[in-house]
Amino acid sequence: MNYIYDIVLNFQDNYYQFFEWNRKDKIKNISRIAVYHISDQDLIDLTYNQIILSLPFLSQLKNEIKKYKKIMCLVSNTSQTIGLLFNQDGRLIKRSSLLFEEETEVNNIAKTLPITEITYQENIKVDPNHNLRIEIEKKDTLVQYINQTKDIIALKYLYYEYFKEECDDYHQIKTALLNILEEEWNKKKNNLYYLINILAKKDLLTK
């Protein structure tokens, strides 16, 4: 088994390029981690899809990290490398890009390794989201707020700010706001994001 030593990883729910890392992220220095050379298709699947490993590869991973609580590894197609974090059942829960210099090092090591075949218990296709991280996270915040709030006045305010018309139907407002968030990000949606931050802070102050 080949290992990489002293590497920096930033595990997130979605895959983000290293230049989108945030100062608030819990960036970790990993003292030792296994690296595998995999096919181009496996790299695409592991970067984006909903994955559960089948037992052969999962058992191999667990055997390699007996001294560690978390199941993680690096996979590379020799052009790109990503870090993967799995739960005990083999479900892929987080991904990490690498710093440029460290990714180059891992890619070069992968060139000397045979390709490891990975089999899946579950491999559900997810279309890549090419939006910037900041847009993805703003959208997620909006969706969460709209789904969870029961404040009809706040929802009516958001609806009017976006559509420039009034609506009193609670469910219609929610549906319309959630539907527009499925479309391309724009300045009007950005304004909604800042509005809900103000509304959320107001809610905290009044509690």
Side-chain angles (χ1 to χ4, degrees), residues 9-28 43-53 70-72 80 82-98 120-207:
L9 294 177
N10 180 13
F11 285 112
Q12 300 292 326
D13 295 336
N14 299 308
Y15 174 79
Y16 299 120
Q17 297 283 359
F18 75 90
F19 53 78
E20 293 191 274
W21 289 9
N22 192 302
R23 289 184 179 180
K24 296 181 180 179
D25 292 341
K26 296 180 180 179
I27 299 172
K28 302 291 186 182
L43 187 75
I44 293 172
D45 292 345
L46 290 165
T47 301
Y48 301 109
N49 293 357
Q50 295 179 22
I51 296 289
I52 300 178
L53 298 175
K70 296 182 178 180
I71 303 173
M72 64 179 75
Q80 180 183 358
I82 61 174
L84 305 174
L85 179 65
F86 300 89
N87 66 15
Q88 291 297 319
D89 297 322
R91 181 177 293 278
L92 178 53
I93 53 176
K94 291 183 183 294
R95 302 162 167 92
S96 174
S97 57
L98 279 68
Y120 307 99
Q121 179 181 330
E122 177 180 290
N123 183 1
I124 300 175
K125 182 177 176 57
V126 176
D127 291 329
N129 188 339
H130 297 299
N131 292 333
L132 293 175
R133 175 182 180 178
I134 190 170
E135 293 179 359
I136 295 171
E137 292 183 344
K138 285 181 177 180
K139 175 186 172 182
D140 289 345
T141 301
L142 276 166
V143 170
Q144 183 178 15
Y145 181 86
I146 293 167
N147 278 325
Q148 293 181 356
T149 188
K150 296 181 180 178
D151 186 342
I152 183 62
I153 296 176
L155 287 172
K156 288 172 67 174
Y157 179 59
L158 292 174
Y159 185 91
Y160 182 80
E161 284 298 313
Y162 192 87
F163 294 104
K164 299 304 178 186
E165 61 183 34
E166 295 183 356
C167 180
D168 296 320
D169 188 300
Y170 176 80
H171 296 291
Q172 182 180 335
I173 290 173
K174 277 201 169 188
T175 299
L177 290 173
L178 291 172
N179 284 342
I180 59 104
L181 291 174
E182 295 302 319
E183 301 168 3
E184 186 175 351
W185 189 260
N186 57 29
K187 185 177 180 180
K188 290 174 70 176
K189 296 182 181 68
N190 208 48
N191 290 339
L192 286 185
Y193 171 77
Y194 288 111
L195 283 174
I196 67 150
N197 276 280
I198 294 171
L199 292 170
K201 289 177 181 178
K202 183 179 178 181
D203 290 342
L204 287 173
L205 290 173
T206 56
K207 286 182 178 179

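Residues: numbered from 1 along the sequence shown.
- Contact annotation: the side chain of Ile180 approaches that of Leu192 to within less than 4.5 Å [non-hydrogen atoms, C-beta and beyond].
- Side-chain contact check for Tyr157 versus Ile153: every heavy-atom pair is 4.5 Å or farther apart.
- With hydrogens and angles left out, the side-chain atoms of Asn186 and Glu184 include no donor and acceptor closer than 3.5 Å.
- Within the 4.5 Å cutoff, no side-chain heavy atoms of Ile52 are placed close to those of Asp89.
- Of the listed residues (Leu181, Leu158, Asn147), just one forms a side chain to side chain contact (heavy atoms under 4.5 Å, CB included) with Leu142, and that residue is Leu181.
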What side-chain donor-acceptor pairs closer than 3.5 Å can you find for residues 160-167, not counting sequence neighbours?
| unit_1 | atom_1 | unit_2 | atom_2 | d |
| --- | --- | --- | --- | --- |
| Tyr162 | OH | Lys189 | NZ | 3.4 |
| Glu165 | OE2 | Tyr159 | OH | 3.4 |

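- For the pair Thr149 (side chain) and Tyr145 (backbone), a donor-acceptor distance under 3.5 Å is absent.
- Looking at Glu182 and Lys139, their side chains come closer than 4.5 Å, going by heavy atoms from C-beta outward.
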Side chain to side chain contact (heavy atoms under 4.5 Å, CB included) evaluation trace for Asn87 with Ile71: CA-CA 7 Å; Asn87 66 15; Ile71 303 173; over 6 Å; no
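- Rounded to the nearest 0.5 Å, atoms OG1 (Thr141) and CD1 (Ile146) are 10.5 Å apart.
- The structure places CH2 of Trp185 at 9.5 Å from CG of Asn131, a figure rounded to the nearest 0.5 Å.
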Full working for side chain to side chain contact (heavy atoms under 4.5 Å, CB included) between Glu135 and Tyr193: CA-CA 10 Å; Glu135 293 179 359; Tyr193 171 77; over 6 Å; no
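- In terms of heavy atoms, Arg133 sits closest to Asn22 at NH1-N, 3.5 Å.
- In this structure a side-chain-to-backbone donor-acceptor pair under 3.5 Å is missing from Asp45 to Asn49.
- Counting only heavy atoms from C-beta outward, the side chains of Arg95 and Asn14 never approach each other to under 4.5 Å.
- Annotation: the span from Leu155 atom CG to Tyr170 atom OH amounts to 6.0 Å, rounded to 0.5 Å.
- The two residues Gln172 and Asp169 make their nearest non-hydrogen contact at N-OD1, 2.8 Å.
- Counting only heavy atoms from C-beta outward, the side chains of Leu9 and Leu98 approach each other to under 4.5 Å.
- Taking OH of Tyr15 as the start and CD of Gln80 as the end, the distance is 4.0 Å to the nearest 0.5 Å.
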Step-by-step side chain to side chain contact (heavy atoms under 4.5 Å, CB included) determination, Asn10 to Ile27: CA-CA 5 Å; Asn10 180 13; Ile27 299 172; 3.9 Å; yes
Step-by-step side chain to side chain contact (heavy atoms under 4.5 Å, CB included) determination, Trp21 to Gln12: CA-CA 10 Å; Trp21 289 9; Gln12 300 292 326; over 6 Å; no
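- No more than 12 heavy atoms of other residues, nucleotides or ligands shown are found within 6.0 angstrom of CD1 on Ile134.
- Annotation for Gln148 and Lys174: closest pair N-NZ, 4.4 Å, computed over non-hydrogen atoms.
- Between the side chain of Asp13 and the main chain of Lys94, no donor-acceptor pair closer than 3.5 Å is present.
- Atoms OG and NZ, from Ser96 and Lys28 in turn, are 12.0 Å apart once rounded to the nearest 0.5 Å.
- In this structure, Ile136 and Tyr16 have side chains that are in contact, with non-hydrogen atoms separated by less than 4.5 Å.
- Rounded to the nearest 0.5 angstrom, Ile82 CD1 and Leu92 CG are separated by 7.5 Å.
- Under the 4.5 Å side-chain criterion, counting only non-hydrogen atoms from C-beta, Tyr120 is in contact with Leu46.
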